[in-house]
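What follows is a short report on a single structure.
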Amino acid sequence: MADLTRSLVYARDYFNHYGIGASSLSRPTDHEDPDRDEIVSSVQGVQQPSSNGNLKLCHKFLRNLTVALLSYGSSAPRTEYLLEKAGECLNVKINISVFSSSTILIFPKTSDPVKDELHMLKVDSEVDLDKLQRVDELANSVGLTNTPLMMAHRQLKSIVKGPSQFGAWYWQLFSYALSSPTAAILFFSGNYWDAVLSLILGLGVGILALVPPISPVFGNMLEFISALFVSFLARVFSHHLPNLDVCFFAMAMSGLVWLLPGQNLTIGVSEVVEGSVLTGSARIMKALVSSLQLGFGLAIGENLVWWAPKLEPNSCSNPNIPPSNIIIWLLGFAVAANIFLRARVGQWLGMTLVAAIGYAVSEIAESKFGTETATVLSALVIGLSATLCSFVSRDIPLSMIFAGLQVLLPGGIGVQARTSGVEKFLEKDTVSGIGFVVNMVIICLSITVGLLLSKVVLYDGMFGASKVFHIKRMARKSEFFEEEPNSSVGGNEEEEDQHMAI
């Protein structure tokens, strides 16, 4: 049946190419095979009203699509938009509300709300840009002539069950180890010895980050324990290695670069701006609590080195790294970010290009306009360049925007942590410590404003393209028809839902 579906779709494209119309097709007299209705609907170019069996499949597909989008890092407004659009293409009514810890799906059936089909989904999110892009494209194209429901259902199963790009523990460990030394040079005015010692600290934090999947309780304290570990060793290095002129702040912040809460804080602010107040507020509060854990861990870790004198404010010197070397360190950080975000290699070029443009604009603008204005301009340029690159690479702008944010956030959040946060925690200045939190929100709001401005200039520039890129991906079409032995679409629903839980 899969081969027949593919043959008919290809035949339709061939006839349309040579001007031969195929406006109608005789419908079979028997309705025992639900795939046959999908094939006829595909060739005729319309989405037929769903039968009871297909309606159940539609509900199941939309439910699994919601889980996949949220699991791979889609924002609440983007998920709601995609689900409503997919429901319209499939002629299925759907109401969706995404909250911080759960999602509610309602499929209205009659005028009586009591009889509506309701699902409450609890999803844990972890960014996977490769799978997120593929699911986003699927949500945009399902129900169209080239992606009927049956084909989309099989493709979604293939995406979810397939392995993640760079999802293995050693790749994530490599990402932590590579990001720390490069961040020390790029964002925190560290010298080459700071970079070498930061590699050790980043490797240690990467090992700690492998524990939460095994022990969820440890995951609740990951930020505090990591900050305590990094702060203690950084203070020991800075005290016992005076000849190397190492900087405590550069080592400590670069070792925690992937734990800085800027990304979640930015997404939370953007969700509040777009109207998802509950979800955005929950993300903001979670990010603020994480930042307080980091600050508290840094303060305790530094105080544990009781034999060392108190740190002097702004004791780090500018190493004046040559611009040619900065390019090399920037490429290294971009590679680490791409691996950390689990982007496939085909996405790396656009992501690295957008990150480099954002970093260059940020460095130039900050020297002339200040941090907040430079952040707005950098975010605007990132949004515009990501959208323009998406029309060339046919990737969704989200992947490139995420890469650009990785370049902006360590500098902005890290500088605020240095000037307003860590030192105030050490000095027990509560009022200024609260100012540190407010400054972080201002930085993230500046990024959100820049991205929204890019969306005004080029509509597809915020969190994903709103148009379907009509391009033949012949290499991916084989995924539509990959099925496991003895599997069927209407198999054990409970077992399949466990696979879709991701």
Side-chain angles (χ1 to χ4, degrees), residues 176-177 179-181 183-185 187-209 211 218 220-262 287-319 409-437 439-440:
Y176 276 90
S179 64
S180 295
I185 298 292
F187 310 120
F188 307 118
S189 302
N191 57 32
Y192 292 121
W193 282 113
D194 290 322
V196 172
L197 297 177
S198 295
L199 188 149
I200 301 174
L201 300 179
L203 188 63
V205 174
I207 295 174
L208 293 175
V211 179
F218 183 88
N220 296 331
M221 298 295 294
L222 175 62
E223 289 85 358
F224 171 76
I225 296 175
S226 299
L228 181 69
F229 165 78
V230 166
S231 178
F232 178 81
L233 288 184
R235 188 67 187 99
V236 170
F237 292 153
S238 63
H239 178 66
H240 292 281
L241 300 174
N243 295 332
L244 301 182
D245 192 26
V246 293
C247 176
F248 166 80
F249 168 77
M251 290 185 292
M253 297 306 299
S254 61
L256 300 171
V257 66
W258 286 151
L259 298 183
L260 294 176
L288 294 181
V289 171
S290 297
S291 67
L292 292 175
Q293 286 192 27
L294 290 174
F296 190 59
L298 288 170
I300 297 298
E302 193 274 338
N303 290 332
L304 288 178
V305 189
W306 51 269
W307 60 91
K310 182 177 177 60
L311 284 171
E312 294 294 332
N314 301 321
S315 59
C316 301
S317 59
N318 193 339
L409 290 172
I413 299 299
V415 169
Q416 295 299 332
R418 178 182 186 180
T419 58
S420 302
V422 177
E423 294 172 0
K424 302 307 177 183
F425 273 116
L426 297 178
E427 297 171 4
K428 298 181 180 180
D429 188 344
T430 305
V431 176
S432 299
I434 296 175
F436 155 63
V437 175
N439 287 334
M440 284 207 315

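In this structure the side chain of Leu228 reaches within 4.5 angstrom of the side chain of Leu304, judged on heavy atoms. Residues Leu203 and Tyr176 fail the side-chain proximity criterion, which asks for heavy atoms closer than 4.5 Å. With contacts defined as side-chain heavy-atom distances shorter than 4.5 Å, the pair Phe218/Ile225 qualifies. Residues Leu298 and Leu256 have side chains in contact (heavy-atom distance under 4.5 Å, counting atoms from C-beta outward).
Residues satisfying the ring pair (Phe, Tyr, Trp, His ring centres under 6.0 Å) test with Phe229, not counting sequence neighbours, are none. Not a single side chain to side chain donor-acceptor pair (under 3.5 Å) links Ser231 to another residue, sequence neighbours left out. Taking His239 as the reference, nothing meets the side chain to side chain donor-acceptor pair (under 3.5 Å) condition, with sequence neighbours excluded. Scanning for side chain to side chain contact (heavy atoms under 4.5 Å, CB included) contacts around Ala234 gives Leu201, Phe248, Met251, Ala252, with sequence neighbours left out. Under the side chain to side chain donor-acceptor pair (under 3.5 Å) criterion, Ser180 pairs with no residue, sequence neighbours left out. With sequence neighbours left out, the side chain to side chain donor-acceptor pair (under 3.5 Å) criterion links Trp306 to no other residue.
The distance from the OG atom of Ser254 to the CG atom of Leu197 is 9.5 Å, given to the nearest 0.5 Å. In this structure, the separation between CE on Met221 and CG on Leu208 is 12.5 Å, given to the nearest 0.5 Å. In this structure, CG in Asp194 is found 9.0 Å from CG in Leu244, a value given to the nearest 0.5 Å.
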Kindly determine whether Trp258 and Leu260 satisfy side-chain contact (heavy atoms from CB on, under 4.5 Å), including the steps that lead there.
CA-CA 6 Å; Trp258 286 151; Leu260 294 176; over 6 Å; no
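With hydrogens and angles disregarded, no donor-acceptor distance shorter than 3.5 Å links the side chain of Ser226 to the backbone of Glu223. Judged purely by atom type and a 3.5 angstrom limit, Asn303 has no side-chain atom pairing as donor or acceptor with the backbone of Ile300.
Taking all atoms of both residues into account, the shortest heavy-atom contact from Asp245 to Asn191 is O-ND2, 2.8 Å. Contact record, Ser238 with Val246: CA-CG2, 3.5 Å, taken as the closest heavy-atom pair. Closest heavy-atom contact between Val257 and Ala183: CG2-CB, 4.0 Å. Ala184 and Ser198 make their closest contact through CB-OG, 3.8 Å (heavy atoms, listed as atom of the first residue, atom of the second, distance). Taking each heavy atom of Gln293 and Phe224 in turn, the nearest pair found is OE1-N, 3.6 Å. Between Arg235 and Glu302, the shortest heavy-atom distance links the atoms NE-OE2, 3.5 Å.
Between Phe188 and Phe249, the ring planes are perpendicular. Angles over 60° get that label, and only those under 30° would be called parallel.
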